[in-house]
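Notes follow the structure.
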Amino acid sequence: MIRLSTDKGAIAVDSSVYTNIAGVAASNCFGVKGMAVRSMTDGLVHLLRREAMRKGVRVTFHDDKSISIDLHIVIDNGVNINAVGNAIIDEVRYVVTKSTGAEVKAVNVFVDSMTVD
């Protein structure tokens, strides 16, 4: 959680805000099928529904009030993985910074699976 103090009061932004913003921004990128989570029971990667996509996002808070974001995604078959990854990094960094004002130190994209039609 990041706390910001002003002369008018304090603002606390919970980690779920960052995970939701980052998850939506990543999911809206071309070539992204959705967020992913690896099952602890069978070890398989599962595509998350829109309301549970925050499970595929992990936010780490640093002492200097910056954040790092890890995204686990499923991509569409036939897309350029490097181009999709770079687009996700740029989009998530921009949207999170614009929405919250937090400095995004790193965005790490993990492609856990690719859909096959």
Side-chain angles (χ1 to χ4, degrees):
M1 180 179 301
I2 292 182
R3 293 187 185 275
L4 306 168
S5 296
T6 66
D7 57 338
K8 296 180 181 179
I11 301 168
V13 182
D14 190 55
S15 63
S16 63
V17 173
Y18 296 103
T19 58
N20 287 335
I21 292 170
V24 169
S27 295
N28 288 336
C29 289
F30 173 79
V32 177
K33 190 70 168 179
M35 304 307 291
V37 66
R38 186 171 302 276
S39 172
M40 298 304 261
T41 56
D42 57 13
L44 298 175
V45 174
H46 299 281
L47 184 65
L48 295 169
R49 291 184 298 230
R50 194 119 174 117
E51 59 272 3
M53 79 172 108
R54 62 184 163 82
K55 292 180 182 176
V57 182
R58 192 182 81 187
V59 176
T60 305
F61 297 96
H62 303 287
D63 293 335
D64 61 354
K65 297 191 179 182
S66 64
I67 60 173
S68 296
I69 302 170
D70 294 339
L71 302 163
H72 291 268
I73 62 167
V74 176
I75 61 170
D76 291 323
N77 186 28
V79 298
N80 183 324
I81 297 171
N82 190 38
V84 170
N86 287 330
I88 292 168
I89 291 168
D90 291 341
E91 181 71 8
V92 168
R93 185 181 303 261
Y94 172 76
V95 171
V96 170
T97 301
K98 182 181 175 200
S99 299
T100 65
E103 177 190 349
V104 180
K105 189 176 275 190
V107 177
N108 303 306
V109 178
F110 299 92
V111 178
D112 289 345
S113 184
M114 180 182 281
T115 60
V116 179
D117 295 330

> With sequence neighbours left out, what residues match K65 under side chain to side chain contact (heavy atoms under 4.5 Å, CB included)?
Replying inline: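 Partners of K65 by the side chain to side chain contact (heavy atoms under 4.5 Å, CB included) criterion come out as none, since no residue qualifies.
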Min side-chain heavy-atom separation [X]-[Y] under 4.5 Å:
X: V109; Y: I89; value: yes
X: V74; Y: V32; value: no
X: I67; Y: V96; value: yes

>> Tell me whether Y94 shares a hydrophobic cluster with F30, the cluster being built from Ile, Leu, Val, Met, Phe, Trp, Tyr side chains joined at under 4.5 Å.
In response: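 Linked within one cluster.
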> Among the clusters formed by ILVMFWY side chains lying less than 4.5 Å apart, do I11 and V17 turn up in the same one?
Replying inline: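 Cluster IDs for I11 and V17 match.
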> Is F61 atom CZ crowded by more than 12 heavy atoms from other residues, nucleotides or ligands, each under 6.0 Å away?
Replying inline: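 For F61, atom CZ is crowded (more than 12 foreign heavy atoms under 6.0 Å).
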Locate the shortest heavy-atom distance separating [X] from [Y]; write the atom from each residue and the value.
X: I81; Y: M114; answer: CD1-CE, 3.9 Å
X: M35; Y: A26; answer: SD-CB, 4.2 Å
X: D64; Y: S66; answer: OD1-OG, 2.6 Å
X: E91; Y: A25; answer: CG-O, 3.8 Å

Interatomic distance, [X] atom [atom1] to [Y] atom [atom2] [nearest 0.5 angstrom]:
X: T115; Y: N77; atom1: OG1; atom2: CG; value: 6.0 Å
X: C29; Y: I75; atom1: SG; atom2: CD1; value: 12.0 Å
X: I88; Y: N108; atom1: CD1; atom2: CG; value: 12.0 Å

>> Could you work out, with salt bridge (charged side-chain N to carboxylate O under 4.0 Å, His left out) as the rule, every residue matching R58, not counting sequence neighbours?
In response: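 Partners of R58 under the salt bridge (charged side-chain N to carboxylate O under 4.0 Å, His left out) test: D70.
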>> Run the salt bridge (charged side-chain N to carboxylate O under 4.0 Å, His left out) test against D63 and tell me which residues pass, sequence neighbours left out.
In response: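 For D63, no residue satisfies salt bridge (charged side-chain N to carboxylate O under 4.0 Å, His left out) once neighbours in sequence are set aside.
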> Going through the checks in order, is the side chain to side chain contact (heavy atoms under 4.5 Å, CB included) test met by T100 and Y18?
Replying inline: CA-CA 8 Å; T100 65; Y18 296 103; 3.5 Å; yes
> Step by step, would you call V107 with V104 a side chain to side chain contact (heavy atoms under 4.5 Å, CB included)?
Replying inline: CA-CA 7 Å; V107 177; V104 180; 3.6 Å; yes
> Does the pair V57 and I69 meet the rule for a side chain to side chain contact (heavy atoms under 4.5 Å, CB included), with working shown?
Replying inline: CA-CA 7 Å; V57 182; I69 302 170; 3.9 Å; yes
